[in-house]
Amino acid sequence: MTNRKKRLAIFASGSGSNAEKIIEYFKGNQNVHIEAIYSNRKKAKVLERAEKHKIPSITFNKSHFLEDTQSIIDDLKSKKIDLIVLAGFLLLIPESLIDAFPQKIINIHPSLLPKHGGKGMFGSNVHQSVSESGDTESGITVHFVNKEFDKGRIISQIKCVIKEHDDPQNIASKVLAIEHQYYPMIIDQLLENKYYEGS
Ligand code: GRF
């Protein structure tokens, strides 16, 4: 990567609390700019958050995303996006998009992968699964995105302790707090090449 400002695109389908933390973290940063929020849900709360922070947003439906991925790739390329950050984005990323941005798409998963990951493991399903497993710890995994759900190379994991009395909701709040605290920082370090193999 060169020394020019790094350009980020955030993909989110829902509330977007992580997206907002990332926006706030990089606000005023001379080296990083959030170019746009991309969402497959026209009513997603993340779009209100984008508007509040004056970040442009782009929406599409599932079939557009899956069948006309090239138009989204073209848009991202025209914006010279350096890193695509998934923050609660629920659609599987098409291969053509992955191939167009090799090692440039990352995701956050609210468990310690490979545990409690894979198809269908999102939102409360993850925390329910952790709770039922009797695990004494959970946490977050930030990873590169490849062609399978939650299987790309792990960039960073942060743990939290699960107590016996913690129910799925408690676990969810503990994990979300770690996401908010660490995801922006991990992105920042990644942009500084900290996690790239051979760099
Ligand atoms: C987070 O728990 C994230 O790990 C998962 O989806 C959730 C998104 O939450 N991928 P929010 O939309 O950022 O509030």
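We count ligands from 1, going down the list as the structure has it; atoms in each ligand are counted the same way.
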For [X], is at least one N or O under 3.5 Å away from an N or O on ligand 1?
| X | result |
| --- | --- |
| Ile108 | yes |
| Gly14 | no |
| Asn18 | yes |

Candidates Gly88, Ala87, Ala172; heavy atom nearest atom 6 (O) of ligand 1 found on Gly88
Atom 2 (O) of ligand 1 sits nearest the protein heavy atom Glu179 OE2, 2.8 Å
For Glu164, which residues count as a side-chain hydrogen bond (donor to acceptor under 3.5 Å, both in side chains) partner, sequence neighbours excluded? none
Set of residues satisfying side-chain hydrogen bond (donor to acceptor under 3.5 Å, both in side chains) with respect to Asp68, sequence neighbours excluded: Ser71
How close do Phe65 and Leu92 get, heavy atom to heavy atom, and via which atoms? CE2-O, 3.7 Å
Give the numbers and elements of all ligand 1 atoms closer than 4.0 Å to a heavy atom of Ser15. 12 (O), 14 (O)
Ionic contact status for Lys79 with Glu35, cut-off 4.0 Å: no
Would Ala12 count as a contact residue for ligand 1, given that I'm defining contact as a non-hydrogen atom of the residue lying under 4.0 Å from a ligand atom? no
In terms of relative ring orientation, are Phe11 and Phe89 parallel, tilted or perpendicular, with 30° and 60° separating the classes? perpendicular
